[in-house]
There are 2 protein chains.
Amino acid sequence: MDARKSVLQRTAFFKNADGPALSAAAEAAGELALKKDETLFHQGEEASYSYLLAWGRLRLDQTTPDGRNVVIRYLGPGDLVGTVAVLRRKPYPATPVAVEDGMALFWSAAAKAKLIAEHPTLAANAINLIGGRLEELQERLQELATQRVERRIAATLLRMVRQAGRRVADGVEIPFTLSRNEIAEMNATTLHTVSRTLSAWEQEGILSGKRSSHLVITKPHRLVEIAEHE
Amino acid sequence: MDARKSVLQRTAFFKNADGPALSAAAEAAGELALKKDETLFHQGEEASYSYLLAWGRLRLDQTTPDGRNVVIRYLGPGDLVGTVAVLRRKPYPATPVAVEDGMALFWSAAAKAKLIAEHPTLAANAINLIGGRLEELQERLQELATQRVERRIAATLLRMVRQAGRRVADGVEIPFTLSRNEIAEMNATTLHTVSRTLSAWEQEGILSGKRSSHLVITKPHRLVEIAEHE
DNA sequence: GCGCGTCTTTGCGCGGGCGCAAATTCCGCA
DNA sequence: TGCGGAATTTGCGCCCGCGCAAAGACGCGC
């Protein structure tokens, strides 16, 4: 239990939370081990549980009625999952899929609502987190609306670096597998176009890493130029 | 003051709020009359005030570094404006412009934070509202990513009808001026393409209303077909 | 080590919708 | 009522990026 509390304590959602809040949360929580490619829940299901990703990484997918897929965002340690749906009493709007092994804590809808109602700090933190996502989506919407594919891909990679990047010998690494298709679904384009673009960048020595090996950005400044130039 | 309370009482943000919450809110609030084309604040400014639109209608604009404009959404009576930025202590991410005369109530950042911290009901309502916007944006992102222009425009008009539509003799009216350019900026396209599309629809008798007169959708079911077909 | 399946690369052609430009219509206002 | 400016319509050509197709590379299990 104390181990769990120390996990919670490090997350943005529990930032500045007092002892009682932490204890109540830790007691009411369940734990769930996640293996790569497993899902936490499915888009459209009734929202019964709210999750907090302790470690690992998730891809949040949204499927269109006609079966196409869009990647809404990636989630990392400390991120809330399914919380908005639970608090709004609406079906989950998307499906979170593990892209690597991980672990999540979860609460029933009632427990989560109680937690937030009784601890204003948690409510404020939730608003912060959700608000941040809202603004990120607004930014992406703008990109999608005004910029061409190459710039969008550059911006997306930079965003991944910012959110999950890890320094390595020859640059910055995105520390999990990211297929061409996934990059395409993040950028409203096709895997073909992504492939062509990344090939060109590899030629220029901007990045490297094929297949299941992780992407390494060797010249982040060049990506910034592409994302911002004109 | 009581008049103000009765205004507040009807909004989603104050839903289920108890007497003390309402009184505190009403006392701390300022009032602001809005004329068409006036702005509440500007994108990039530090967020000092949080607003609640009492009546009227706003268009939320986001400008790109290179001067292009994107319409994030329209806001109607009862909507919160600038609240996320205030609570996150970040600059306003967009600019709200009045598209018709209206009135807003406003609170200082400190007053708003206090209000939410002391009244869990308000916190829950805020999460609901912000969460709803998040999900709407996810839906739009998906549309933008997977559908062609014609379907996106249809979906946008239907959304406007849902949010602000008013029944009239020959169909449903969108009760404020909506230029071709504004529709374009909502749909990541150009006013030219919007013009062509609406012209075609007018030929088919799906809708009518030119220039400064309001759009009237005469055959909403046809729009639904276009938005969903295939 | 071999073979199979999946992911990736690359070529090619086409088309949706942008960009530019000009004509036209409508509105507000004097 | 007439004028000036802004919004809208429409034409036309071109280009980005999709769609299809096929080949190639890599990884995994047997």
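First the proteins, then the strands, lettered A, B, ... as listed; each starts at 1. Note that these values count all heavy atoms, side chains included, but never hydrogens, waters or copies made by symmetry. Everything numeric here is computed off the predicted structure, so don't read it as measured data.
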For D:dT9, take OP1 and OP2 only and decide whether either is under 4.0 Å from a side-chain N or O of B:Arg180. yes
Which whole-number value in Å describes the distance from B:Asp37 CG to D:dA7 P? 10 Å
Output every pair passing ring pair (Phe, Tyr, Trp, His ring centres under 6.0 Å) with a member in residues 55-76 of chain B, not counting sequence neighbours, ordered by first then second residue. B:Tyr74-B:Phe176
Can you tell me the distance, in whole Å, between the CD atom of A:Gln147 and the P atom of D:dC16? 16 Å
Atom pairs and distances, donor-acceptor, side-chain atoms in residues 99-107 of chain A, under 3.5 Å, two or more places apart:
from	atom 1	to	atom 2	distance (Å)
A:Asp101	OD1	A:Lys36	N	2.9
A:Trp107	NE1	A:Ala25	O	2.9

Tell me, please, which residues at least two apart from B:Leu144 pass side-chain contact (heavy atoms from CB on, under 4.5 Å). A:Leu141, A:Leu144, B:Arg152, B:Ala188
Taking atom CG of A:Leu198 and atom CG of A:Leu215, what is their separation to the nearest 0.5 Å? 6.5 Å
By salt bridge (charged side-chain N to carboxylate O under 4.0 Å, His left out), which residues pair with A:Glu150, not counting sequence neighbours? none
Distance-only donor-acceptor pairs under 3.5 Å for side chains of residues 157-169 of chain B, two or more places apart:
from	atom 1	to	atom 2	distance (Å)
B:Arg159	NH2	B:Glu139	OE2	3.4
B:Arg159	NH2	B:Glu143	OE1	3.2
B:Arg159	NH2	B:Glu143	OE2	2.6
B:Gln163	NE2	B:Glu136	OE1	3.1

Axis-to-axis angle between the two ends of the helix from C:dG1-D:dC30 to C:dA30-D:dT1 (five base pairs per end, rounded to 10 degrees): 50°
Under the side chain to side chain donor-acceptor pair (under 3.5 Å) rule, what do A:Asn181 and A:Ser179 come out as? Steps first, then yes or no, please. CA-CA 5 Å; A:Asn181 195 37; A:Ser179 73; 5.3 Å; no
B:Asn181 CG to D:dT9 P: how many Å, rounded? 12 Å
Scan B:Ser179 against the nucleic acid and name what it touches under 4.0 Å (heavy atoms): base, sugar-phosphate only, or nothing. sugar-phosphate
With heavy atoms under 4.0 Å as the rule, sort A:Arg148 into base, sugar-phosphate or nothing. sugar-phosphate
Where the side chain of A:His192 is concerned, which of D:dA21, D:dC18, D:dT8 is the nearest nucleotide? D:dA21
What pairs meet the salt bridge (Lys or Arg N to Asp or Glu O under 4.0 Å) rule with one or both residues in residues 38-52 of chain B, with sequence neighbours excluded? none
Nearest-angstrom distance from the residue atom CG of A:Leu191 to C1' of D:dA21: 13 Å
For a quick test of your reading: what N or O donor-acceptor pairs under 3.5 Å do the side chains of residues 200-210 of chain B make, sequence neighbours left out?
from	atom 1	to	atom 2	distance (Å)
B:Glu204	OE1	B:Arg222	NH2	3.1

Measure from CG on A:Asn187 to P on D:dG17 and round the result to the nearest Å. 12 Å
Pairs satisfying salt bridge (Lys or Arg N to Asp or Glu O under 4.0 Å), at least one member in residues 181-190 of chain B, at least two apart: B:Arg59-B:Glu182
Taking for each residue the nucleotide of DNA chain D bearing the nearest heavy atom, is the 5' side occupied by A:Val149 or by B:Val194? B:Val194
How would you summarise protein contacts on nucleotides 23-28 of chain D per nucleotide, using B for base, S for sugar-phosphate only and - for none, with heavy-atom distances below 4.0 Å? --BBS-
Can you give the first and last nucleotides of DNA chain C, 5' to 3', that have an atom under 4.0 Å from a heavy atom of chain A? C:dT6 to C:dC12
Under the salt bridge (charged side-chain N to carboxylate O under 4.0 Å, His left out) test, which residues partner A:Glu173, sequence neighbours left out? none
Please classify the nucleic acid contact of B:Thr190 as base, sugar-phosphate, or nothing, using heavy-atom distances under 4.0 Å. sugar-phosphate
